[in-house]
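The block underneath contains the structure these notes are about, expressed in structure tokens.
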Protein chains: 2
Amino acid sequence: MGTKPSGPRGRPRGFDADEALERAMLVFWEHGYEGASLACLTGAMGISTTSMYAAFGNKQELFRKALDRYITGPSGYLVRALREPTALGVAGAILAGTIRNTTRPAHPHGCLGVQAALAAGDSGQEARDLLIAWRDDGNSWIRERFQRAVDEGDLPPEADPGLLARYIVTLAHGIAVQAASNVPRDELQRLADAALRGWPLS
Amino acid sequence: MGTKPSGPRGRPRGFDADEALERAMLVFWEHGYEGASLACLTGAMGISTTSMYAAFGNKQELFRKALDRYITGPSGYLVRALREPTALGVAGAILAGTIRNTTRPAHPHGCLGVQAALAAGDSGQEARDLLIAWRDDGNSWIRERFQRAVDEGDLPPEADPGLLARYIVTLAHGIAVQAASNVPRDELQRLADAALRGWPLS
DNA sequence: CGAATTCTGTAGCGATTGATGCAGAATGGA
DNA sequence: TCCATTCTGCATCAATCGCTACAGAATTCG
């Protein structure tokens, strides 16, 4: 008595929602939440405003979904980096991933999570708070990973996981700003290597 | 035969241009270039749009002048820090100044130079380029100061002034992002202290 | 005084903002 | 076939955007 696999009723979509969301993400990445107008977004997505509202709700929800896509896509290196076996490996992978992600030739420079809504007007406050929460999550995950490293003896017992996490996050966000200023990738990688030379901050 | 000290002709201004510019700077600082609407700006400045245009030109020129005021005012710690006697003193003063400036209780959190136009739409590209140029200037000044330190023997001859400058600038910009995320001042200061513990990056 | 000059307030400009109403087109189910 | 459902394109909405025209108010100069 299985339910019949009835297909979706009504007229089917004339576009690929996944690809449209990818394009929207890139626009938000490059121009920020408020800097990305509906006309700019729908133009890049290749659909009309009506289709966008039908498929994604409104601009804020579109941004939310674009951010989700960014987190699991271009920024997916973060959770992967947390699975590195050592704290130093985690730190190095985070910085290397940040540099790769923020200086991709075919992508906007910088990090969507940093530059899409650092400061905003009234309409962008929700997006700004969303990004603040995500950045805070990132710091917490790294801190907890470093705490585990202390518990496991990978980091010395006197190491401060919160301090080390804040150090890595600060470097990553700083790197994102440098990348948005068009600082070349190799210079950033040299910086990251040097910044981890004294790990774990004596 | 001195020229007569003729006062300004015409109706005098009904407001203090300096204080109005200060208010505008704070609005740009908090909301960014595009996020600061004319209504928001003139409201905070306490003048009408007509008076703003008569006194400052247009929104872009107002931003330029507000940025000048920011550079010599709240961000004046930078050039002062460059006059510290040692490279380590310079680095510490820059980070401490950044932390103080980006976490002032009565001011917007973060750094205007970082968050006012990291990403922008069409109308904000000029402001974005202006800030990129200023951030690049800051890096150059610090690099030259560290080069001098190498020449004077304050830094070891094998030290890389460009790398050290990029390290400090990256930390400062990262700190600005943390401050915009409401990370408390004392945590940032502990981070700065730790980040300079291995100076000059072994 | 009158003339010239400069600033202020109101009112409004054209353009763009995010968001919708509506009719028609395209599908599945009965 | 006919209906219900869903998507699309066109036109448009009210609000806000940055900006300005215009007339009057306030000053200096002659």
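In what follows, chains are A, B, ... by sequence order, proteins preceding strands, each numbered from 1. Only this structure's heavy atoms are used, side chains among them; waters, hydrogens and symmetry mates stay out.
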message = Can you tell me which nucleotide in D:dT28, D:dC7, C:dT8 comes closest to the side chain of B:Arg13?
response = C:dT8

inquiry  = Ignoring hydrogens and geometry beyond distance, is a side-chain donor-acceptor pair present between A:Tyr167 and A:Asp160 at under 3.5 Å?
reply    = no

query = After noting the C-alpha distance and the side-chain angles of B:Glu144 and B:Arg148, does the key distance pass the salt bridge (charged side-chain N to carboxylate O under 4.0 Å, His left out) rule?
reply = CA-CA 6 Å; B:Glu144 289 159 13; B:Arg148 206 189 83 195; over 6 Å; no

To the nearest Å, how far apart are [X] [atom1] and [N] [atom2]?
| X | N | atom1 | atom2 | answer |
| --- | --- | --- | --- | --- |
| B:Arg9 | C:dA3 | CZ | C1' | 10 Å |
| B:Gln60 | D:dC17 | CD | P | 17 Å |
| B:Phe15 | D:dT27 | CZ | C1' | 16 Å |
| B:Asn58 | D:dC19 | CG | C1' | 9 Å |
| B:Arg11 | C:dG9 | CZ | P | 7 Å |

ask   = Under the 6.0 Å and 45° cation-pi test, does A:Lys59 pair with A:Phe28?
value = no

request  = Might you work through the side chain to side chain contact (heavy atoms under 4.5 Å, CB included) test for B:Leu41 and B:Met52, ending with a clear yes or no?
outcome  = CA-CA 9 Å; B:Leu41 285 163; B:Met52 195 283 282; 6.0 Å; no

request  = Enumerate the residues from residues 45-57 of chain B whose closest heavy atom to DNA chain D is under 4.0 Å, giving them by residue number; use none for an empty result.
outcome  = B:Thr49, B:Thr50, B:Tyr53

request  = Check whether any side-chain heavy atom of B:Phe146 sits under 4.5 Å from a side-chain heavy atom of B:Ile142, and report yes or no.
outcome  = yes

query = Does anything in residues 75-107 of chain A pair up under ring pair (Phe, Tyr, Trp, His ring centres under 6.0 Å), and if so which pairs, sequence neighbours excluded?
reply = A:Trp29-A:His107

key: Pair A:Arg69 + A:Asp18, salt bridge at N-O below 4.0 Å   = yes

Contact list for DNA chain C against residues 20-44 of chain A - heavy-atom distance below 4.0 Å = A:Ala36, A:Ser37, A:Leu38

request  = Evaluate side chain to side chain contact (heavy atoms under 4.5 Å, CB included) for B:Asp154 paired with B:Leu88, printing each intermediate quantity in order.
outcome  = CA-CA 9 Å; B:Asp154 171 34; B:Leu88 178 57; over 6 Å; no

